[in-house]
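Structure record follows, encoded as structure tokens.
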Amino acid sequence: PRVPAASMASGGIVRLSMDVDDFISPSLACTVKPMQIEERRRENGNRQNTQSRVLKLEGLDTDDNAASMMPETGKVAKVTLNDCLACSGCVTSAETVLITQQSMSELMRAVSSMSPKDGRVAIVSVSPAVRAAMAVHFKMGLRETFERLTGLFHMLGCHHVVDTGVAGDLCLVQMAAEFVQRFRQNHGRMRAAENTLKLKTHAEDGGANDAGAAEPPPLPVLSSTCPGWICYAEKTQHAMLPYLSRVKSPQQIAGSLIKSAYAAAVGVERENVYHASLMPCYDKKLEASRDDFADADGGRDVDCVIAATEVLSLLQEREQSLFSYARAPCDTAPALSALSDSGDALCVAAPGASGGGAEHVFRCAAKELFGQELPDAPLEWKAGRNKDLRELTLQVDGEVVLRFAQAYGFRNIQNIVRRVKNGTCAYHYVELMACPAGCANGGGQPRPPPLEAPHRAALVEAALVGPDTARRRPEDNPLLRALYADDGFLRGGPLAEAAQQHLLTNYHARGEASDQQSSLTIKW
């Protein structure tokens, strides 16, 4: 069924369109209007006052001793992103949330009062997928697109514009290290299981065993860089949470680097750094609002998320195009853009607008686990039952030892979830994206002319590499080597404490699981 998808204008207005084919039907659970959010204090068991936030809904008295459900009038309130995350009654995606705190107008309001002289600085990080989509939209090269976007944000008052290249490289390295570790742990457990009877007998004779030891995270590893998929899993598919990769997305890794490493390096307080990101997806706004990505004082790693369509809306309101802004050199501070050593090229670590995670992890796993050095040529993915499902296998001595998949769109996601639940999923790693065709076709990407619509994702994918780009493995990025060095921000390497603290996150069950629901009644 077709359900409305929302887009954000530069002023924070939610615009609905009916051209998105979403497999998940809307829920009827969220049909009342939000009224006001009250701060209430209550006494807990330790006689200490705690504060809670109560969202009042039109037609529903939320007091515990309410004797009626008569409608009451009151001031209509804004629903915050945290309120959305705490609810399981949303329609299909975060795009329908009345978002006001993350918009182009909010970005402009925030940066208008900032100045490095006051110790405050505004930084914008740009997703490579957006850069490629904007290049296709305006029919210009990647480098020119990035430089004109830099000029645009400088004119708006932002002090630095970088891409998320270094953050993406870190994400790939961490994902590969995580998968190799989990694969070894699970196969070690399988070998140990062969001796279960012997261990049990030994324990009964007075010996000890490790039956009480913590179980390693299971296989398959399910990617976690898509916030739409994560929101779906947390709200309705709680059984999937142990399978999720704990590595943060490039957006959030960039936030950690900017708010922690960069701020400390230049002597700026974390709260004086304003970080906005330009992303291909509105669900990235929800991701940035998670409490997991905030400090104890509520300061967030990413303060504002802007979709590519919001930049286009601003240009349209001003009767301008990206050509209206002069090209500005790529900012080298903070050093977060994936530039070549000479600075002449934008470096690409792995193919794909969705980050290339599955392919990079596959290459690293083949080498680390089985000693197979794969050629630099594109890997041969095998088409699945539809264009958004692809498989990749590694054979050693005629035996399949690695089996990876890319599953994009909710039709494929639900099939993977079902297989994992019933124990028939043969994959070791699955890259999941809520949008069909992945981030190249993200809901926040520029809308193409009708004749180009069927080919938009392919055009964006093709634009990711070209004369302005150079292929470079993440491990060869000198900035990563500096970060992982003994005196670096992530000292000790991907599995050391510093990297685990700054680059990993956790996921939480929210709302009721949908194990007993049909696919047509999922509250998404």
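Taking CG of Leu170 as the reference point, atom CG of Leu480 lies at 4.0 Å (rounded to 0.5 Å).
Enclosure of atom CD in Glu269 is not indicated, since only 12 or fewer non-hydrogen atoms of other residues, nucleotides or ligands lie within 6.0 angstrom. Heavy atoms from other residues, nucleotides or ligands lying under 6.0 Å from CZ of Arg491 number 12 at most.
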### Message
Would Tyr262 and Leu336 count as a side-chain contact (heavy atoms from CB on, under 4.5 Å) here? Give the steps.
### Response
CA-CA 9 Å; Tyr262 170 73; Leu336 295 177; 5.6 Å; no

### Task
Go through the steps to decide whether Asp388 and Asn412 satisfy the test side-chain hydrogen bond (donor to acceptor under 3.5 Å, both in side chains), and finish with yes or no.
CA-CA 8 Å; Asp388 284 315; Asn412 291 320; 5.0 Å; no

### Task
Could you give me the CA-CA distance, side-chain angles and deciding distance for Ser256 and Gln252, then say whether side-chain contact (heavy atoms from CB on, under 4.5 Å) is met?
CA-CA 6 Å; Ser256 296; Gln252 297 307 135; 5.7 Å; no

### Task
Quick one: do Glu287 and Phe293 satisfy side-chain contact (heavy atoms from CB on, under 4.5 Å)? Show the steps, please.
CA-CA 8 Å; Glu287 179 181 81; Phe293 304 138; 3.9 Å; yes

### Task
Kindly determine whether Phe138 and Glu144 satisfy side-chain contact (heavy atoms from CB on, under 4.5 Å), including the steps that lead there.
CA-CA 10 Å; Phe138 289 104; Glu144 181 181 359; over 6 Å; no

### Task
Could you walk me through whether Tyr282 and Thr309 pass the side-chain hydrogen bond (donor to acceptor under 3.5 Å, both in side chains) test, one step at a time?
CA-CA 10 Å; Tyr282 292 105; Thr309 51; 2.3 Å; yes

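Between the side chain of Gln445 and the backbone N or O of Ala308, no donor-acceptor pair lies under 3.5 Å. Side-chain atoms of Ser277 do not come within 3.5 Å of backbone N or O of Met279 as any donor-acceptor pair. Using a distance-only test at 3.5 Å, with no hydrogens or angles considered, no donor-acceptor pair links the side chain of Gln174 to the main chain of Val247. No side-chain donor-acceptor contact under 3.5 Å links Ser223 to the backbone of Thr225.
The aromatic rings of Phe410 and Tyr232 stand perpendicular to each other, their planes meeting at an angle above 60°, with 30° marking the opposite boundary.
Residues Arg300 and Asp292 are not paired through a salt bridge, judged by the lack of any N-O separation under 4.0 Å between the basic side chain and the carboxylate. Ion pairing between a basic and an acidic side chain is recognised when a charged N comes within 4.0 Å of a carboxylate O; Asp118 and Arg120 show no such pairing.
None of Asp468, Asp163, Thr145 except one satisfies the side-chain hydrogen bond (donor to acceptor under 3.5 Å, both in side chains) rule with Arg131; the exception is Asp163. A side chain to side chain contact (heavy atoms under 4.5 Å, CB included) with Gln102 holds for exactly one of Lys285, Lys284, Glu310; it is Lys285.
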